[in-house]
Number of protein chains: 2
Amino acid sequence: MEKGWKMKITIYDVAEAANVSIATVSKVINNTGNISDKTRKRVKQAMKDLEYHPNILASALMGKQTKTIGLLIPDLANPFFSELARRIEDRGHELGYNLVICNTDYDGDKEDKYLQLLNQKMVDGFVLASGFEDLEKVEELIKREIPVVIVARDFPMFSVNAVAIDDFMGGYIAANHLMELGHKNIGVIARDLWSNRERLRGFNHALDEHGLKLNKNFEYIMDIHDIDHIYEGREMTKKYLLEDDRPTAIFACNDLLAAGAIQEAKELGFKIPENLSVIGFDNTSIATVIDPPLTTIAQPIESMGREVMDLMVSIISGEKKEKSRVTLLPSLVKRKTTKAFEVTSNTY
Amino acid sequence: MEKGWKMKITIYDVAEAANVSIATVSKVINNTGNISDKTRKRVKQAMKDLEYHPNILASALMGKQTKTIGLLIPDLANPFFSELARRIEDRGHELGYNLVICNTDYDGDKEDKYLQLLNQKMVDGFVLASGFEDLEKVEELIKREIPVVIVARDFPMFSVNAVAIDDFMGGYIAANHLMELGHKNIGVIARDLWSNRERLRGFNHALDEHGLKLNKNFEYIMDIHDIDHIYEGREMTKKYLLEDDRPTAIFACNDLLAAGAIQEAKELGFKIPENLSVIGFDNTSIATVIDPPLTTIAQPIESMGREVMDLMVSIISGEKKEKSRVTLLPSLVKRKTTKAFEVTSNTY
DNA sequence: TTGAAAGCGCTACCAC
DNA sequence: GTGGTAGCGCTTTCAA
C-alpha cells in the first residue's frame with residue numbers, strides 16, 4: 001500500500017516497517033520491557049524514516065499523562081499575571097508540559113466551567129492563580145485526587161499545595177520603608193482579595209509597632225471586579241489628596257494602582273516624590289516604565305513560576321504525597337517615587 | 001457494584017443506569033440518529049445523576065475535534081501579545097475552544113518543537129502570532145490540511161489565512177501626523193520584523209510624498225532577539241539626541257520602544273513634547289501609563305483577536321475553503337507626546 | 001526477547 | 001428507535 005504524504009502514520013506502520021509487533025514498538029517508545037539492541041535500533045530507524053510521532057491522546061486514554069496543565073488566571077492582560085504565566089510556561093516547557101491558559105475574570109462560573117472542561121480534556125493538573133475565594137471547587141478537585149497548586153494566593157488554614165509570597169511581610173516592608181522616611185500619614189489603596197488584605201494587615205502591623213494608626217479615610221478597598229486599576233488609583237488619590245490632612249505617602253497594593261496614583265498626583269500639581277511618596281506592589285515591568293520609576297515591593301515572579309511547575313510535577317510524579325506550601329519572600333525595590341518627608345513639603 | 005466517589009464514570013455507567021445501550025447514549029450526547037423523547041429524557045437524567053461528562057480525548061480518537069487551538073506567540077510578557085492572547089482566548093471561550101499558549105521567543109527551534117508537539121496532541125488548528133520569518137513549517141502545516149491562521153504578521157505573496165493590520169498604512173499615518181506638526185527631521189527605531197519593515201516603508205513613502213527623506217543616521221533596526229525594548233529605545237534615543245542635527249521627532253515601532261525613548265529624552269533634559277515629539281505603535285496599555293501619555297498608532301487588538309478565532313472556526317468547520325485574509329486598519333491615537341515643531345524648541 | 005490480545009471511552013455503521 | 005460491534009492508536013499483561 002502506498003503511504004501517501006497525508007496518511008497519518010501510526011504505531012502499526014512502524015511495526016510493519018521494522019518487522020516487529022506493535023507491542024515491541026510500544027516498548028521501545030516507552031523504554032519498558034526488555035528489547036534487544038538490534039530490534040531497538042531497527043524500530044528507532046523506522047520511526048525516524050516514517051517521521052512517526054505517537055498520538056498522545058491515545059496513550060492518555062490508556063491512563064498515561066496528557067502532559068498538559070490547566071492554568072486558570074484572572075486576566076492575562078494584567079502584567080503581573082501575564083509575566084507569571086510566561087514564567088510558568090517557560091518552566092513547563094522545560095519539563096515537557098504544555099499549558100492551557102484560561103481567563104477567569106474572578107468569575108466563579110467561568111472558573112467552574114473551565115475546571116470541568118479541562119477535566120474532560122484530562123489535563124494532568126491545575127495551576128490556579130484565580131480568585132477562588134470559594135474553596136468548594138478546589139476541595140472537590142483535591143478529593144478526586146487531581147493535582148492542584150495554588151499560586152499567588154494562599155489559604156492559610158486549608159491544606160493545599162501553594163506557592164505564594166509572604167504578603168503580610170510585603171505590607172510590613174512597605175510600611176517600614178515609608179515610616180523610615182518619616183511618613184506618618186499614609187493612604188492605602190487595595191483590592192478586595194485575600195492577598196491584598198494580608199498586605200494591609202502587615203502594613204497595619206508595622207504602623208502599630210510605631211504607635212501609628214491608619215486613618216480610615218485614607219483606606220480604600222476596591223471591588224474585585226473593577227478592572228480598570230489605573231482609573232481606580234486615580235480616583236482614590238484625588239479623593240485623598242484633596243483632603244486637608246492629606247496623606248504624604250500612598251501605599252498601592254499593585255503597580256497599576258500606583259501608576260494611577262502617580263498620574264493623578266502629578267495632574268493635581270504634586271511633585272513626586274517631593275510632595276508625595278508612592279510605593280507599589282508586584283514589581284511588574286510597568287514599574288520601570290512609569291515616571292518617576294516606581295519604588296515597589298517585588299514579587300519574585302520568575303521563581304514563583306518555576307516553583308509552581310516544579311511542585312506540580314513532583315505531585316504528578318507521585319514523589320510528593322503530603323501537601324506542601326512554598327512561601328517566597330517579597331523585597332523592597334527602591335526607585336524614585338519615595339522620599340523623606342519634610343514638613344515644608346506638605347504645602348507646595 | 002458500588003460506585004465509589006472516585007470511580008471515573010463512563011458512557012457504560014450511563015447506559016446501565018438508563019437501561020439502554022452505549023450506542024443510544026452516544027446518540028443523545030451528540031444529537032445524532034433518532035431517539036425517542038422518552039429515552040432521551042431518561043438518558044439525560046442518568047447523565048445528570050451520575051455527573052457524567054464525556055471524555056473528549058476518546059472522542060477525538062474517533063476523529064472528532066479536540067476543541068483546542070494552539071497559539072504560538074513570541075512573548076507573553078510583551079503587553080501587545082498578552083493583550084492579544086487575552087482577546088483570542090475570550091473569543092475562543094465564547095466559541096467553545098481552549099487555547100494552548102506557547103512562548104516561542106522568535107526561536108525557530110521552539111516553534112518547530114511546539115508545532116510538532118501540539119500536533120501530536122491533536123489540536124484542531126494553530127494560531128501563529130510568532131515570527132515565522134521562515135515559511136517552510138507553515139507550508140508544511142497547510143499541505144497537511146491543518147487549519148492555520150497567522151495573526152499580526154502578513155505574508156503578502158503567500159496564500160495563508162491571516163488577520164493583520166495594514167502596517168504600511170500605520171507607518172504612513174505616523175509620518176503624516178509628524179509632518180503635519182512641522183517635523184522634518186525624524187528618527188526611527190524599529191525591530192527586524194516584517195511588520196516593522198512595512199511600517200517603515202509606509203513611513204518613508206509618506207516622507208517621500210513631501211519631498212522629505214529619512215536620515216540614515218537616525219534609522220535603527222534592532223535585532224529581533226534583543227528582548228529589552230526599553231533599553232534599546234533608550235540607547236538609540238541617546239545616540240540620536242546627541243547629534244548636532246538631532247531629530248525633532250521619533251517614530252518608535254512599538255510602545256515599549258517609545259517608552260524607552262521618552263525616558264532617555266527626559267533624562268537628557270529634553271521636554272516632551274516641547275523639545276521632542278515621540279510617536280509609538282500598538283496602543284497597548286502602557287501607552288496610558290507612561291508620562292506624558294503616549295501618542296501612538298493603535299492596532300485594534302480586540303477586533304484582531306475576535307477575527308482570528310472567527311476565521312479559525314470557519315476554517316475548522318469547513319465553511320471556508322479558500323484562503324482568506326482580513327486586514328484591519330490602524331488609527332492615530334493622539335495623546336500628549338507629539339507637538340508642533342518650533343524652530344526655537346530645538347535649542348533648549 | 002517478542003508478540004497476541006484485551007482493553008481505555010467513545011463513535012458510527014449496520015442490523016434488527 | 002435501538003443495540004451490537006468494529007475500530008480509533010496506544011499500553012500492558014501473559015504466553016510463547
Asks: From the list C/dC10, D/dT5, D/dC10, which nucleotide is the closest neighbour of the side chain of A/Ala58?
Replies: D/dC10
Asks: For the pair made of CG in B/Asn31 and P in C/dT11, what is the distance, rounded to whole Å?
Replies: 12 Å
Asks: Does C/dG9 have OP1 or OP2 sitting under 4.0 Å from an N or O in the side chain of B/Thr10?
Replies: no
Asks: Please give, in whole Å, the distance from C/dG3 C1' to A/Arg42 CZ?
Replies: 13 Å
Asks: Under 4.0 Å between a side-chain N or O of B/Thr24 and OP1 or OP2 of D/dT2?
Replies: no
Asks: Is the closest basic N to carboxylate O distance between B/Lys41 and B/Asp37 below 4.0 Å?
Replies: no
Asks: Do A/Asn55 and B/Gln120 come within less than 4.5 Å of each other through their side chains, counting heavy atoms only?
Replies: no
Asks: Please classify the nucleic acid contact of B/Thr39 as base, sugar-phosphate, or nothing, using heavy-atom distances under 4.0 Å.
Replies: sugar-phosphate
Asks: If you check every side-chain atom of B/Ala23, which of C/dG9, D/dG3, D/dT11 has the closest atom?
Replies: D/dG3
Asks: If you find the nucleotide of DNA chain C closest to A/Asp37 and the one closest to A/Ile22, which residue's nucleotide is nearer the 5' end?
Replies: A/Asp37
Asks: When you measure from the side-chain N and O atoms of B/Ser36 to the phosphate of D/dT2, is any distance below 4.0 Å, counting only OP1 and OP2?
Replies: yes
Asks: Roughly, in whole Å, what's the span from CD1 in A/Ile35 to P in D/dT12?
Replies: 13 Å
Asks: At less than 4.0 Å, is any side-chain N or O atom of A/Asn34 found next to OP1 or OP2 of C/dT1? Yes or no.
Replies: yes
Asks: Would you indicate which nucleotide in D/dG3, D/dC10, C/dG9 comes nearest to any side-chain atom of B/Leu61?
Replies: C/dG9
Asks: Grab the NZ-P distance between B/Lys64 and C/dC13 for me, whole Å please.
Replies: 12 Å
Asks: Is it the case that over 12 heavy atoms from other parts of the model lie below 6.0 angstrom from the NZ atom of B/Lys137?
Replies: yes
Asks: Tell me whether the side-chain N or O atoms of B/Lys27 pair up with the base of D/dG3 as donor and acceptor below 3.5 Å, since no angle test is needed here.
Replies: yes
Asks: Does C/dC10 have its OP1 or OP2 closer than 4.0 Å to a side-chain nitrogen or oxygen of B/Ser59?
Replies: no
Asks: What is the separation between atom CG on A/Leu57 and atom C1' on D/dG7, rounded to the nearest whole Å?
Replies: 16 Å
Asks: What is the distance from CG of A/Asp13 to P of D/dC8, rounded to the nearest Å?
Replies: 11 Å
Asks: What is the separation between atom CE on A/Met122 and atom C1' on D/dC10, rounded to the nearest whole Å?
Replies: 12 Å
Asks: Answer yes or no: does a side-chain N or O of B/Tyr52 lie under 4.0 Å from OP1 or OP2 of C/dC10?
Replies: yes
Asks: Judged by each residue's nearest nucleotide on DNA chain D, which is more toward the 5′ side, B/Gly33 or A/Ile29?
Replies: B/Gly33
Asks: Is B/Val25 touching bases, backbone alone, or none of the nucleic acid, heavy atoms closer than 4.0 Å?
Replies: nothing
Asks: Do A/Lys67 and A/Asp124 sit within salt-bridge range, that is, some charged N less than 4.0 Å from a carboxylate O?
Replies: no
Asks: Mind calculating the distance between CD1 (A/Ile11) and P (D/dG7) to the nearest angstrom?
Replies: 18 Å
Asks: With side chains defined as the heavy atoms from C-beta onward, is the minimum distance between A/Glu51 and A/Ile9 less than 4.5 Å?
Replies: no
Asks: If we ignore hydrogens and angles and just use 3.5 Å, is the side chain of B/Asp75 paired with the main-chain N or O of B/Ala77 as donor and acceptor?
Replies: yes
